[in-house]
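Below: one structure, written as structure tokens.
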Amino acid sequence: MTVRTRFAPSPTGQVHIGNIRAAIYNWLFARHAGGQFLLRIEDTDRERSTPAAVQAVLDAMAWLGLNYDEAPVYQSTQTAAHLAAAEQLLKTGHAYKEDKGGTGKGECVIFRMPGTDMSFRDEIKGDLVKKAADMKDFVIVRSDGTPVFHLANVVDDLHMNITHIIRGDDHVENTYRHVALFRALGATPPKYAHLPMIVNAQGKPYSKRDGAAYVGDFRAKGYLGEALFNYLALLGWSPGGDRELMSRDEMARLFTFDRVQSSAAQFDLVKLLWMNGEYMRALPREQREAACRAVLQERGLWNDALPAGYLGRVLDAMAERIKLFTDIADAGYFFTEDFAFDEKSVQKRLLKPGALELLAATRTVYAGMADFSAAATEAALRELATARGLGMGDLVHPVRVAISGTAVGPSLFHMLEVFGKDRVLRRMDKTLEKFGHR
RNA sequence: GACCCCAUCGUCUAGAGGCCUAGGACAUCAGGUUUUCAUCCUGAUAACACGGGUUCGAAUCCCGUUGGGGUCGCCA
């Protein structure tokens with residue numbers, strides 16, 4: 001039998017990292033086994049399941065490269081099948097009708113648990129058992145005639161021929177019910193694999209309050225889908241040995257349940273950021289450029305008048321300093337003449353005694369240069385430093401702050417080259433004027 | 001509270017009885033390179049929760065304790 005797994009999110013508008021991690025494991029296992037990975041939208045909550053909410057799921061999956069094999073199944077279209085199953089259970093005596101609790105709401109359909117101890121083998125946690133006394137009958141069709149999660153979930157999995165259910169730890173207790181439902185319906189239950197939770201620094205389930213918790217948050221912050229995928233896959237699973245940076249295909253090839261951790265994992269944003277940097281440096285420059293341009297446009301820093309190839313040159317200068325696409329916005333001075341001056345940088349490098357005088361001297365040297373390449377501006381500054389008996393830092397720092405407003409940034413001489421002589425001189429003049437140098 | 005699950009450096013993990021003086025990565029700290037930052041290179045700090053067994057031998061197996069977590073809806 002070929003492996004068939006599914007991701008069955010309830011569309012709420014945003015996709016939590018814990019859920020998408022479950023989707024990743026489903027995808028990984030299906031691809032590993034050469035089987036199929038399916039998508040089922042559990043949209044029975046009509047209030048929250050708006051088209052936009054569904055789209056958020058689709059977007060998140062596409063962004064992470066979680067391609068699925070058949071058209072998505074919308075649970076809301078399967079109600080007839082759910083109700084038919086309930087009828088069948090009623091007929092076979094596995095369910096009964098009752099006004100539960102005598103609430104006056106009317107009769108609902110209740111599933112009768114088998115009354116025996118139950119067990120199932122979890123692919124990750126091993127054999128799990130539950131005593132008959134610890135399990136209660138449960139509602140499968142509400143008194144208003146709508147199917148409850150347990151029924152819908154099981155019937156859909158049955159109809160979709162799902163062979164392996166890979167989901168969060170929080171569903172372990174439900175599994176006894178689901179197994180009983182499958183059997184009562186005359187079917188063999190699928191195999192189950194329950195993933196441990198993703199927790200915060202306090203060991204509690206990772207939530208919005210802990211920072212970025214939704215897939216969309218990471219995308220908006222400028223992360224790469226490939227990096228998030230890699231990081232999340234490794235949060236609870238390891239291929240063994242020292243392997244960390246892997247392609248989706250490599251991970252799929254190596255993925256097995258026996259290498260999935262059974263204890264909760266703490267989400268570490270710092271390590272994700274490092275990993276994103278690793279993916280960023282491996283990214284083809286056109287892609288990096290396109291994404292950074294989008295960020296600049298979004299922040300109103302993009303200017304169509306900028307020369308062709310300008311952004312590419314900026315990115316070359318920024319090099320390893322870009323770990324997230326949004327980092328480009330920190331170098332806004334490349335894109336506008338109206339950049340801000342960082343107070344601390346100004347105090348330390350511009351208002352230091354003699355600094356403005358040295359800046360003026362550098363300006364004079366630069367004004368007389370024809371070749372404004374990085375090599376040329378560097379050589380000229382070295383010459384000036386030697387002539388004055390100064391260190392390079394004495395000259396470099398004031399110039400940097402003068403033309404960018406900040407003391408941190410890429411190699412100065414590459415910056416000068418990217419700006420070009422005219423812009424550099426103009427900025428130096430403006431700065432000299434602003435800080436009162438005669 | 002009842003039932004269930006879990007437990008290796010700060011974090012993610014390797015480890016399936018001797019290869020462990022417990023390895024890697026991130027983070028941290030210290031040096032080096034450098035015009036700043038980032039990168040890069042070197043090195044360092046840092047863990048088997050505790051107590052009992054089993055065994056010639058235990059991070060690895062068993063039991064207990066402690067600590068964490070999950071579930072107990074006509075939600076999903």
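A note on names: the letters A, B, ... follow the listed sequences, proteins ahead of strands, and every chain is numbered from 1.
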Results of side-chain hydrogen bond (donor to acceptor under 3.5 Å, both in side chains) for [X] - residues two or more places apart only:
X: A:S143; result: none
X: A:D249; result: none
X: A:D43; result: A:R46, A:S76

Report yes or no: is the cationic atom of A:R121 (NZ for Lys, CZ for Arg) closer than 6.0 Å to the six-membered ring centre of A:Y192, at no more than 45° off its axis?
->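 So A:R121 doesn't make the cation-pi contact.
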Quick one: ring pair (Phe, Tyr, Trp, His ring centres under 6.0 Å) partners of A:F372, sequence neighbours excluded?
->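 Scan of A:F372 (ring pair (Phe, Tyr, Trp, His ring centres under 6.0 Å), adjacent residues dropped) gives A:Y366.
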All ring pair (Phe, Tyr, Trp, His ring centres under 6.0 Å) counterparts of A:Y25, not counting sequence neighbours =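 Result, ring pair (Phe, Tyr, Trp, His ring centres under 6.0 Å) vs A:Y25: A:F255.
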Return no unless some side-chain N or O of A:R259 is found under 4.0 Å from OP1 or OP2 of B:G15.
->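 It does, given that an N or O in the side chain of A:R259 lies less than 4.0 Å from OP1 or OP2 of B:G15.
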Counterpart base for [N], defined by Watson-Crick or G-U wobble contacts under 3.5 Å:
N: B:C50; value: B:G64
N: B:A38; value: none
N: B:A59; value: none
N: B:C3; value: B:G70

What nucleic acid atoms does [X] come within less than 4.0 Å of, heavy atoms only: base, sugar-phosphate, or nothing?
X: A:R167; result: nothing
X: A:G391; result: nothing
X: A:D43; result: nothing
X: A:T12; result: nothing
X: A:N174; result: base

Can you pull the salt bridge (Lys or Arg N to Asp or Glu O under 4.0 Å) pairs that have at least one residue in residues 262-272 of chain A, sequence neighbours excluded?
->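 Salt bridge (Lys or Arg N to Asp or Glu O under 4.0 Å) check on residues 262-272 of chain A returns A:E244-A:K271.
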Out of B:A27, B:A76, B:C74, which nucleotide sits closest to the side chain of A:V270?
->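 Within the option list, the nearest is B:A27.
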Which residues pass the side chain to side chain contact (heavy atoms under 4.5 Å, CB included) test with A:K97, sequence neighbours left out?
->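 Result, side chain to side chain contact (heavy atoms under 4.5 Å, CB included) vs A:K97: A:L90, A:E107, A:V109.
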Side chain to side chain contact (heavy atoms under 4.5 Å, CB included) with A:R423: which residues, sequence neighbours excluded?
->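 Scan of A:R423 (side chain to side chain contact (heavy atoms under 4.5 Å, CB included), adjacent residues dropped) gives A:Y310, A:E337, A:F419, A:R426, A:R427.
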Gap between atom CG of A:L83 and atom CG of A:L151 - 0.5 Å precision =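 These two atoms lie 8.0 Å from each other.
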Just how far is it from atom CG of A:L359 to atom CZ of A:R363, taken to the nearest 0.5 Å?
->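 Reported value, rounded in 0.5 Å steps: 9.5 Å.
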Atom [atom1] of [X] to atom [atom2] of [N]: distance rounded to whole Å?
X: A:F111; N: B:G73; atom1: CZ; atom2: P; value: 18 Å
X: A:K136; N: B:C74; atom1: NZ; atom2: C1'; value: 13 Å
X: A:E244; N: B:G24; atom1: CD; atom2: P; value: 12 Å
X: A:M246; N: B:A25; atom1: CE; atom2: C1'; value: 11 Å
X: A:I124; N: B:G70; atom1: CD1; atom2: P; value: 18 Å
X: A:N230; N: B:C26; atom1: CG; atom2: P; value: 13 Å
X: A:M113; N: B:U71; atom1: CE; atom2: P; value: 18 Å
X: A:W237; N: B:A25; atom1: CH2; atom2: P; value: 18 Å

Pairwise N/O distances under 3.5 Å, protein to nucleotides 4-11 of chain B:
residue	atom	partner	partner atom	Å
B:C5	O2'	A:K125	NZ	3.2

Can you tell me, in whole Å, how much space there is between the [atom1] of [N] and that of [M]?
N: B:G57; M: B:C19; atom1: P; answer: 15 Å
N: B:C9; M: B:A46; atom1: C1'; answer: 5 Å
N: B:C62; M: B:A22; atom1: C1'; answer: 23 Å
N: B:A59; M: B:U21; atom1: P; answer: 9 Å
N: B:U60; M: B:A14; atom1: C1'; answer: 13 Å
N: B:C4; M: B:U65; atom1: P; answer: 13 Å
N: B:C56; M: B:U42; atom1: C1'; answer: 43 Å
N: B:G18; M: B:U33; atom1: P; answer: 46 Å

Proximity to RNA chain B (any heavy atom under 4.0 Å), residues of residues 190-209 of chain A only |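 Result for residues 190-209 of chain A: A:G203, A:K204, A:P205, sorted by number.
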Taking for each residue the nucleotide of RNA chain B bearing the nearest heavy atom, is the 5' side occupied by A:L234 or by A:G101?
->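 Nearer the 5' end of the strand: A:L234.
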Test of ring centre spacing under 6.0 Å for A:F37 and A:Y68 |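 Distance test on ring centres: not under 6.0 Å, no.
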Using a distance-only test with no angle check, is there a side-chain donor-acceptor pair under 3.5 angstrom linking A:H16 and A:N19?
->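 Judged by distance alone, the side chains do not pair up.
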Using a 4.0 Å cut-off on protein heavy atoms (strictly under), produce a 5'-to-3' string for nucleotides 33-50 of chain B with B for base contact, S for backbone-only sugar-phosphate contact, and - for none.
-> --BBBBSS----------
Donor-acceptor contacts under 3.5 Å from residues 325-335 of chain A side chains, at least two apart:
residue	atom	partner	partner atom	Å
A:T326	OG1	A:K221	O	2.7
A:D327	OD2	A:K323	N	2.8
A:D327	OD2	A:L324	N	3.0

